[in-house]
2 protein chains.
Amino acid sequence: MAKHTNLSTVIQRMEDRGYRVTAPRLAVLAAAADCGDQFSAEELDQRLPRVGRATVFRTLKLLVEMDVLCRVLLDDGSLRYRWSRRGHHHHLVCNECGAVQDFTACDVADLVSELTHRTNFTVEGHWLEVYGRCGTCAHAAPALAALP
Amino acid sequence: MAKHTNLSTVIQRMEDRGYRVTAPRLAVLAAAADCGDQFSAEELDQRLPRVGRATVFRTLKLLVEMDVLCRVLLDDGSLRYRWSRRGHHHHLVCNECGAVQDFTACDVADLVSELTHRTNFTVEGHWLEVYGRCGTCAHAAPALAALP
DNA sequence: ATTAATGCAAATTCTTTGCACTAAA
DNA sequence: TTTAGTGCAAAGAATTTGCATTAAT
């Protein structure tokens with residue numbers, strides 16, 4: 001599991017919420033931890049031949065609900081999971097190697113309040129993903145596009 | 001089609017790009033126009049019993065490529081299509097009724113340049129969706145959550 | 001004991017592909 | 001004519017559901 005998350009904390013939280021701490025759930029958690037930074041449901045399922053696919057999905061959903069994991073949308077539309085730093089954050093996704101970095105310096109708040117004033121929307125949340133190339137990949141092949 | 005887009009412009013662009021302007025494509029275009037602001041592939045397909053599902057999808061992909069349509073990601077993860085205002089813009093999506101509003105006042109540029117300096121990422125693009133309640137729905141049921 | 005959680009396989013949903021056929025150019 | 005585009009039906013992916021069974025409490 002390494003640095004990503006403290007499993008016992010997750011287990012604690014699971015108990016607190018009244019969810020049973022079962023063997024399959026622990027297995028999913030452990031496998032997710034082994035996957036490192038980010039992974040797909042598929043990858044996880046393959047690592048867990050003894051756990052049913054349905055359970056993998058059910059557990060993932062649970063963990064997302066619990067804010068343990070969060071979903072990352074890749075630019076190609078595919079979905080992956082990754083350990084969530086609790087609290088509001090966004091992702092810097094490398095289009096080349098898929099590396100994901102969090103960032104919290106989210107200045108969208110200003111934008112949001114402006115939107116609230118300018119429109120009749122009540123803003124409840126937002127999702128921001130920034131795509132590009134990580135340092136390594138940027139060196140390998142120079143970027144083509146500019147800022148959006 | 002109404003205000004969304006000028007179909008003849010789309011057709012023009014299609015020809016310019018060397019794509020054939022076929023009856024099924026026009027049908028999809030017309031149906032999309034009739035759907036109004038936004039729609040799913042499914043909805044579109046249902047309106048077009050004479051056009052194969054595959055063609056609907058192929059045409060949608062084409063139109064997205066051509067920047068005629070863009071994809072909207074709903075908070076529940078489902079995908080819809082909507083007429084694209086050309087150029088950079090984002091979406092204000094109502095969690096209740098699904099209404100989508102564009103907004104272009106995108107101050108993410110500052111954030112992006114900051115990210116560029118602070119990390120070793122080369123930013124190539126970003127995707128921002130703001131969720132909340134539109135005026136109508138906000139009145140019906142008061143919002144629960146605050147800004148992110 | 002109770003009842004939440006599981007595994008399996010079947011069912012869904014959404015989208016793509018293969019291929020013989022049709023129609024733009 | 002030539003070849004892009006189509007329809008169909010089948011194949012795929014990704015995820016969910018139904019239900020009898022298992023295991024946590």
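Here is the naming used below: chain letters follow the sequence lines, and residue numbers restart at 1 for every chain. Because only heavy atoms are used, hydrogens play no part in the values below, and waters and symmetry mates are left out as well, while side chains stay in.
Note: CD1 (B:I11) to P (C:dA25) measures 11 Å, nearest angstrom. For A:L79 and D:dT16, the CG to P distance is 10 Å, given to the nearest whole Å. Counting to the nearest Å, the C1' atom of D:dA14 and the CZ atom of A:R80 are 14 Å from each other. Atoms CZ (B:F39) and P (C:dC14) sit 15 Å apart, rounded to a whole Å. Atom CG of B:L48 is separated from atom P of D:dG7 by 9 Å (rounded to the nearest Å). What separates CZ of B:F57 from C1' of D:dA11 is a distance of 14 Å, to the nearest Å. For the pair B:L44 CG and C:dT15 C1', the computed distance is 14 Å after rounding to whole Å. Across the protein-nucleic acid pair, A:Y81 atom OH and D:dT15 atom C1' stand 9 Å apart, rounded to whole Å.
Between B:K61 and the phosphate of C:dT16, there is a side-chain N or O to OP1/OP2 separation shorter than 4.0 Å.
Nearest-nucleotide positions on DNA chain C place B:E42 closer to the 5' end than the other of B:V21 and B:E42.
Under the side chain to side chain donor-acceptor pair (under 3.5 Å) criterion, A:T119 pairs with no residue at all, not counting sequence neighbours. Under the rule for a side chain to side chain contact (heavy atoms under 4.5 Å, CB included), the partners of A:L62 that lie at least two apart in sequence or sit in another chain are A:Y19, A:R25, A:E65, A:M66.
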N/O to N/O distances under 3.5 Å, protein versus nucleotides 3-6 of chain C:
{"residue": "C:dA4", "atom": "O4'", "partner": "A:R20", "partner atom": "NH1", "Å": "3.4"}
{"residue": "C:dA4", "atom": "O4'", "partner": "A:R20", "partner atom": "NH2", "Å": "3.3"}
{"residue": "C:dA4", "atom": "N3", "partner": "A:R20", "partner atom": "NH1", "Å": "3.2"}
{"residue": "C:dA5", "atom": "OP1", "partner": "A:R20", "partner atom": "N", "Å": "3.2"}
{"residue": "C:dA5", "atom": "OP1", "partner": "A:R25", "partner atom": "NH1", "Å": "3.1"}
{"residue": "C:dT6", "atom": "OP1", "partner": "A:T22", "partner atom": "OG1", "Å": "2.9"}

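Ion pairing of B:D102 with B:R82 is present here, as a side-chain N (NZ or NE/NH1/NH2) and a carboxylate O approach within less than 4.0 Å. A:E15 and A:R20 are not joined by a salt bridge, as no carboxylate oxygen comes within less than 4.0 angstrom of a charged side-chain nitrogen.
Proximity of B:L128 to B:F103: side-chain heavy atoms (C-beta onward) are separated by under 4.5 Å at one or more points. Residues B:T59 and B:L44 are not in side-chain contact: their nearest non-hydrogen atoms beyond the backbone lie 4.5 Å or more apart.
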